[in-house]
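Numbering of residues begins at 1 and proceeds along the displayed sequence.
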Amino acid sequence: MTLRVAMIGYGFMGSAHSVGWRQAPRMFDLPDAVELAVVVGRNEEAVARAAEKWGWSEHATDWREVIARDDIDLVDIVTPGDSHAEIAIAALEAGKHVLCEKPLANTVEEAEAMAAAAARAAERGVHAMVGFTYRRVPAVTLLRDLVAEGRIGRVQQVRAAYRQDWLVDPEMPLAWRLQKEHAGSGALGDIGAHIVDMTQFVTGQSVEAVSGILDTIVTQRPLQASGSGLAGEAGEGYGEVTVDDLAIFTGRLTDGALVSFEATRFATGRKNALSIEVSGTLGALRFDLEDLNVLKYYDRTDRAELQGFTTILVTEPVHPYVAGWWPAGHMLGYEHGFVHQVVDFVGAITEGTDPHPTFAEGLSVQRVLAAVEASSENQSSWVRVAADAAVAV
Ligand code: SOE
């Protein structure tokens with residue numbers, strides 16, 4: 001059978017997903033063929049260019065018409081968060097499998113409605129998955145496998161950070177990602193969602209309580225000239241940033257371990273630095289996206305004089321996903337996660353199993369994000385440090 005795919009949206013994530021759809025059947029033996037059938041966007045000229053460039057057979061401007069078509073099997077949503085719920089629920093109700101970019105939605109209510117629609121659809125053999133692609137970086141999947149097999153013992157602490165710096169320049173225009181009505185939240189939802197999902201994925205536990213703070217450092221940004229081609233509010237002068245620039249929070253996992261999370265777009269010099277370190281009773285594991293073919297492993301059970309973090313180059317055919325690619329030592333990159341996402345999704349659809357992360361898992365991340373926002377709003381855990389008193393000499 002051939003799965004005919006319609007992709008709604010065509011920005012940065014549209015290009016990454018297009019690579020995934022195109023490369024997966026070329027490098028892996030997929031149980032079903034896939035066809036890049038139609039890409040959808042509101043601006044006809046721009047979406048036509050995207051279709052041509054990325055190899056989609058057709059382009060269209062109305063997602064409702066596309067979802068109603070009998071010759072579409074799967075809908076891939078890469079639009080800003082404000083349209084995820086409407087499109088995903090309509091597509092699932094029309095019997096299409098749905099892949100939806102992260103974060104699942106802009107609010108918990110939307111995410112709940114989406115998870116409910118996915119559960120109803122699953123009863124009819126229709127599947128839904130959220131695009132937390134970093135789970136599918138081979139080193140991250142291996143990290144999860146090693147934690148699950150008990151290599152590092154009981155998890156006692158996790159440190160997770162996602163650091164970017166694209167907002168340090170105050171003249172960076174007011175893109176849609178900086179507007180609450182489109183993005184839901186800022187660094188918290190865009191990149192904090194990744195580290196929350198990754199923490200839950202690699203530990204197999206849930207974040208059950210949080211305490212955190214959000215901050216917006218640059219509160220006004222230039223509007224973009226209309227026709228600039230950048231998504232976001234057009235106009236003259238400055239507009240208000242209505243989301244957070246950074247989020248710092250602590251989480252408590254099911255088994256009691258604490259996690260420190262940092263999601264920021266103000267980490268000067270850090271372009272796309274996601275890192276996670278999981279410390280256990282028997283050892284530790286560390287992943288860093290800036291060196292994504294590598295997993296660091298510390299074994300506390302080794303002879304004392306040999307202890308130290310070792311570097312595992314995760315490019316052997318025995319490593320997750322790697323057999324589909326190049327000989328050992330020939331590196332993978334950012335886009336490979338998008339290819340692996342297609343491999344897993346198509347495999348689950350063919351086998352009739354639940355593709356992970358499910359919409360229910362996406363909802364669990366959304367609940368953590370909402371809890372961080374609530375914690376930041378009430379700031380109840382902030383304790384003022386006692387004012388300086390005269391020091392006796
Ligand atoms: C934001 O800059 C962003 O593009 C995220 O939206 C993606 O999810 C992440 O992969 C890279 O950074």
Side-chain angles (χ1 to χ4, degrees), residues 77 81-82 84-85 88-89 92 98-123 127-137 140-141 143-144 147-148 155 157-162 183-212 214 244 247-263 274 276 278 337 341 344-345 348 353-377:
I77 304 168
D82 55 351
H84 286 187
I89 293 169
L92 289 167
V98 172
L99 170 60
C100 183
E101 246 313 303
K102 47 52 59 179
L104 183 58
N106 279 2
T107 65
V108 169
E109 293 68 32
E110 287 169 353
E112 281 170 348
M114 293 169 82
R120 286 193 301 274
E123 288 169 12
H127 298 285
M129 187 171 106
V130 197
F132 283 112
T133 49
Y134 292 133
R135 285 183 176 209
R136 295 177 163 92
V137 174
V140 175
T141 314
L143 194 163
R144 189 276 315 261
V147 173
V155 171
Q157 199 192 334
V158 180
R159 288 165 294 280
Y162 200 155
S185 66
L188 177 67
D190 185 27
I191 52 179
H194 277 299
I195 47 176
V196 170
D197 179 69
M198 191 178 287
T199 297
Q200 299 195 134
F201 173 64
V202 301
T203 61
Q205 300 181 41
S206 303
V207 176
E208 297 202 330
V210 296
S211 169
L214 306 180
D244 55 283
I248 295 179
F249 53 106
T250 312
R252 178 78 75 182
L253 294 177
T254 316
D255 288 352
L258 279 180
V259 188
S260 61
F261 292 99
E262 179 191 355
L274 183 164
I276 187 162
V278 187
Q341 165 167 278
D344 289 344
F345 194 28
T353 54
D354 262 350
H356 292 275
T358 60
F359 275 19
E361 289 166 84
L363 167 60
S364 78
V365 173
Q366 207 73 44
R367 288 191 170 130
V368 174
L369 305 180
V372 173
E373 281 178 325
S375 167
S376 179
E377 267 156 36

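- The two residues Ser211 and Ser375 have their closest heavy-atom pair at CA-OG, 3.4 Å.
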Walk me through whether Val210 and Val368 qualify under side chain to side chain contact (heavy atoms under 4.5 Å, CB included).
CA-CA 7 Å; Val210 296; Val368 174; 4.0 Å; yes
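- Applying the side-chain hydrogen bond (donor to acceptor under 3.5 Å, both in side chains) test to Arg159 and every residue at least two apart in sequence or in another chain returns Gln157, Glu277, Ser279.
- A pairwise comparison of heavy atoms in Ala247 and Leu188 identifies CB-CD1, 3.9 Å as the closest pair.
- Residues satisfying the side-chain hydrogen bond (donor to acceptor under 3.5 Å, both in side chains) test with Asp190, not counting sequence neighbours, are Lys102, Arg177, Arg265.
- Here the rule is side-chain contact (heavy atoms from CB on, under 4.5 Å) with Leu143, and of Val278, Val137, Thr203 only Val278 fits it.
- With a 4.5 Å cut-off on side-chain heavy atoms, Ser185 and Asp244 count as touching.
- Looking at heavy atoms from C-beta onward, Gln366 lies out of side-chain contact with Thr107 at the 4.5 angstrom threshold.
- Two residues are said to be in side-chain contact when any heavy atoms from C-beta on lie closer than 4.5 Å; Leu253 and Val259 meet this criterion.
- Between the side chains of His84 and Glu110, no donor-acceptor pair is found at a separation under 3.5 Å.
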Would you sort out whether Val98 and Ile77 count as a side chain to side chain contact (heavy atoms under 4.5 Å, CB included), showing the intermediate values?
CA-CA 7 Å; Val98 172; Ile77 304 168; 3.7 Å; yes
Show the numbers, then the answer: is there a side chain to side chain contact (heavy atoms under 4.5 Å, CB included) between Leu274 and Ile195?
CA-CA 8 Å; Leu274 183 164; Ile195 47 176; 4.0 Å; yes
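- When all heavy atoms are compared, the tightest approach of Ile248 to Glu262 is CG1-CG, 4.2 Å.
- Considering all non-hydrogen atoms of both residues, Ala263 and Ile191 come closest at CB-CG1, 4.1 Å.
- Counting only N and O atoms by type, the side chains of Thr358 and Glu361 include a donor and acceptor under 3.5 Å apart.
- Looking at Gln200 and Ser364, their side chains do bring a donor and an acceptor atom within 3.5 Å of each other.
- Scanning all heavy atoms of the two residues, the minimum distance from Ala128 to Leu92 falls at CB-CD2, 4.1 Å.
- Interatomic distance, Ile276 CD1 to Tyr134 OH, rounded to the nearest 0.5 Å: 13.5 Å.
- Note that CD of Glu112 and CG of Leu104 are 11.0 Å apart. Values are rounded to the nearest 0.5 Å.
- Judged purely by atom type and a 3.5 angstrom limit, Gln341 has no side-chain atom pairing as donor or acceptor with the backbone of Arg136.
- The distance from the CZ atom of Phe249 to the CG atom of Leu214 is 8.5 Å, given to the nearest 0.5 Å.
- Side-chain N or O atoms of Ser376 include none that pairs as donor or acceptor with a backbone N or O of Val372 at under 3.5 Å.
- Residues meeting the ring pair (Phe, Tyr, Trp, His ring centres under 6.0 Å) test with Phe345, sequence neighbours left out: none.
- Shortest non-hydrogen contact noted between Asp197 and Pro357 is OD1-CB, 4.5 Å.
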Quick one, Val196 with Phe132, criterion side chain to side chain contact (heavy atoms under 4.5 Å, CB included). Give me CA distance, side-chain angles, the key distance, then yes/no.
CA-CA 10 Å; Val196 170; Phe132 283 112; over 6 Å; no
